[in-house]
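Reviewing the structure listed below.
Chain letters run A, B, ... following the sequence lines, proteins first, then strands; residues in each count from 1. Worth saying up front: this structure is predicted, and the values here are computed from it rather than measured.
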2 protein chains.
Amino acid sequence: MNLTVNGQKEELQKRLTRFEKQCRGKGLRVTQQRRKIFCTVAQSCEHPSAEKVFQAVRRELPNVSLDTVYRTLASLEEMDLLMRVGLSSKARFDGDLRPHCHFVCTRCGEVYDIFPQAGEELLSLPSAAKEMGEVKQVHLQLRGICKKCQERK
Amino acid sequence: MNLTVNGQKEELQKRLTRFEKQCRGKGLRVTQQRRKIFCTVAQSCEHPSAEKVFQAVRRELPNVSLDTVYRTLASLEEMDLLMRVGLSSKARFDGDLRPHCHFVCTRCGEVYDIFPQAGEELLSLPSAAKEMGEVKQVHLQLRGICKKCQERK
DNA sequence: TACTTTATTAGGAATTATTATTAATAATAT
DNA sequence: ATATTATTAATAATAATTCCTAATAAAGTA
């Protein structure tokens, strides 16, 4: 894990400040565990898994439990302090390979298709993409709260 | 599950034809199980989970096993006959909320950041997006084979 | 500072999702 | 029709995540 985010200390500081503000705003206690778990993800460029976060946090808090890590990561995601790569829970499949994107409801987990209008361009690939490897698929996912969930609450 | 894809029978037929061609091309046997599993996903607009596919297939092939469904879905994905929404395996987290996208290597699972160049616009949201609900995050994922994996065979 | 309240946590058990194993089955070529 | 060999069913095993409960500790209050 890197100790700085792309070599930018200020960015890390900004994230930590935001974290504390958000917690206090929501009335969440800033516990050692919560702070350390957030720090671990905020400092890393490696998109760590829950297990990796657990291992890293355990070096300083040897008794931290894996459940705490999962619980905290979920609540940090809820507060928009970090994001989850891919989707949680089980895999879902799509037989439609035409260019379109998915609206994923973060509350109920439902996945909706969004097709671009005729003539509407979905996206242009960032130029740095080709340096990473061979791009075979593009997945564009919009996350938010779906209409149904907005209505029922 | 819908029996037609957005009301277009031709699209479904196209997918089935492609499926058979791909299987024969790769020397894979077109078994009842394989065909029914593919059909189930190809006919559906609901991005079914492996479990859902299993339930649907079992109505016609009562003895199909869950393992077969998982195995077949994975091979269909490999053949680019369907795609997986989100990521398989474990969840991974990112503390960087600045606009950027991820290159996900489908071979080794590694996740790399790609930041747009200065002035480069990542994407414009499809106009249909706002009808789905409130978009809170945009996740752009490029999938392919990373440089490292390309080199080591 | 000590006390109280209540969210949070550790530890372990339970659940869910996915993958591996192996003998039996069935699709294709002959 | 038969042989060959990929594929499958059934079940066990593993991996990932979540639940449960008593113990702990953060933040407010006296």
Side-chain angles (χ1 to χ4, degrees), chain A residues 19-38 40-41 47-55 57-79 81-82 84-93 106-107 109 111, chain B residues 19-38 40-41 47-55 57-79 81-82 84-93 106-107 109 111:
Chain A
F19 161 77
E20 302 231 345
K21 205 167 94 186
Q22 286 258 61
C23 284
R24 304 213 187 277
K26 292 240 173 187
L28 294 181
R29 295 176 182 172
V30 181
T31 62
Q32 297 180 75
Q33 292 87 340
R34 197 168 265 153
R35 175 183 277 118
K36 200 72 204 61
I37 288 166
F38 176 73
T40 302
V41 179
H47 314 89
S49 63
E51 184 66 33
K52 287 275 184 201
V53 174
F54 174 61
Q55 287 165 13
V57 171
R58 197 152 62 156
R59 272 178 232 130
E60 297 185 40
L61 303 172
N63 290 325
V64 76
S65 76
L66 191 52
D67 174 59
T68 296
V69 172
Y70 273 103
R71 198 168 11 84
T72 304
L73 287 172
S75 78
L76 291 171
E77 186 190 9
E78 181 110 5
M79 287 191 282
L81 286 166
L82 52 78
R84 190 183 292 262
V85 182
L87 275 180
S88 62
S89 76
K90 56 193 154 200
R92 298 181 66 163
F93 300 88
T106 53
R107 190 163 297 160
V111 180
Chain B
F19 162 76
E20 301 231 346
K21 204 166 95 186
Q22 286 258 63
C23 283
R24 304 213 188 277
K26 292 239 174 188
L28 294 180
R29 295 176 182 172
V30 181
T31 62
Q32 297 180 74
Q33 291 87 342
R34 196 168 266 152
R35 174 182 278 115
K36 198 73 202 61
I37 289 166
F38 176 73
T40 302
V41 179
H47 315 89
S49 63
E51 184 66 33
K52 288 274 184 202
V53 174
F54 175 59
Q55 287 165 13
V57 171
R58 197 152 63 158
R59 272 178 231 131
E60 298 186 39
L61 303 172
N63 289 326
V64 77
S65 77
L66 190 53
D67 173 60
T68 296
V69 172
Y70 273 103
R71 197 167 13 81
T72 304
L73 287 171
S75 78
L76 291 171
E77 185 191 9
E78 181 109 8
M79 288 192 280
L81 286 166
L82 52 77
R84 190 183 292 262
V85 182
L87 273 181
S88 62
S89 77
K90 57 193 153 200
R92 297 182 66 164
F93 300 88
T106 53
R107 190 163 297 159
V111 180

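- Residue whose closest nucleotide on DNA chain C sits further toward the 5' end, between A:R34 and B:E51: A:R34.
- Contact annotation: B:T68 side-chain N/O to D:dA9 OP1/OP2 distance is under 4.0 Å.
- Atom CG in B:L76 sits 10.5 Å away from atom CZ in B:R84 (nearest 0.5 Å).
- A sub-4.0 Å separation between OP1 or OP2 of D:dT7 and a side-chain N or O of B:T72 is absent.
- Distances shorter than 4.0 Å separate none of the side-chain N or O atoms of B:S65 from OP1 or OP2 on D:dT8.
- We find that CZ of B:R92 is positioned 12 Å from P of D:dT17, with the value rounded to whole Å.
- Between A:Q22 and A:L28 the shortest side-chain heavy-atom distance does not fall below 4.5 Å.
- For the pair B:V30 and A:L28, both in contact range of DNA chain C, the more 5′-proximal nearest nucleotide belongs to A:L28.
- Separating the CZ atom of A:R35 from the C1' atom of C:dT8 is a distance of 15 Å, rounded to the nearest angstrom.
- Taking 4.5 Å as the limit, every side-chain heavy atom of B:V64 sits out of range of all side-chain heavy atoms of B:K36.
- Atom CG of A:N63 is separated from atom P of D:dA23 by 16 Å (rounded to the nearest Å).
- If you take CD of B:E77 and P of C:dT18, they are 12 Å apart, rounded to a whole angstrom.
- One finds no side-chain N or O of B:R71 lying less than 4.0 angstrom from the OP1 or OP2 phosphate oxygen of C:dT19.
- Taking side-chain N and O atoms only, A:T31 has a distance below 4.0 Å to OP1 or OP2 of C:dT9.
- One interatomic measurement links the two molecules: CD of A:E60 to P of C:dA10, which rounds to 14 Å at whole-angstrom precision.
- Residue contacts shown for A:R24 are limited to sugar-phosphate atoms, with no base heavy atom under 4.0 Å away.
- For the pair B:F38 CZ and D:dT7 P, the computed distance is 17 Å after rounding to whole Å.
- When rounded to the nearest whole Å, the span between NZ of A:K52 and C1' of D:dA15 equals 15 Å.
- With distances taken from any side-chain atom of B:A91 to the nucleotides D:dA9, C:dT18, D:dT17, the minimum falls on D:dT17.
- Within the 3.5 Å criterion, the main-chain N or O of B:H47 finds a donor-acceptor partner in the side chain of A:R92.
- Side-chain atoms of A:C23 and A:R35, non-hydrogen and from C-beta on, never get closer than 4.5 Å to each other.
- If you check every strand for non-hydrogen atoms under 4.0 Å, A:L66 touches a base.
- By the 4.5 Å heavy-atom criterion applied to side chains, B:R24 and B:V30 are counted as neighbours.
- Contact annotation: side chain of B:D67 to base of C:dA20, donor-acceptor pair present below 3.5 Å.
- As a whole-Å value, the separation of B:F93 CZ from D:dA16 C1' is 11 Å.
- Side-chain N/O atoms of A:Q33 include none lying less than 4.0 angstrom from OP1 or OP2 on D:dT24.
- Contact check, B:Q32 against C:dA27: a side-chain N or O comes under 4.0 Å of OP1 or OP2.
- Under 4.0 angstrom from either OP1 or OP2 of D:dT17 there lies at least one side-chain N or O belonging to A:Y70.
- Side-chain N/O atoms of B:R29 and base N/O atoms of D:dT5 include a donor-acceptor pair closer than 3.5 Å.
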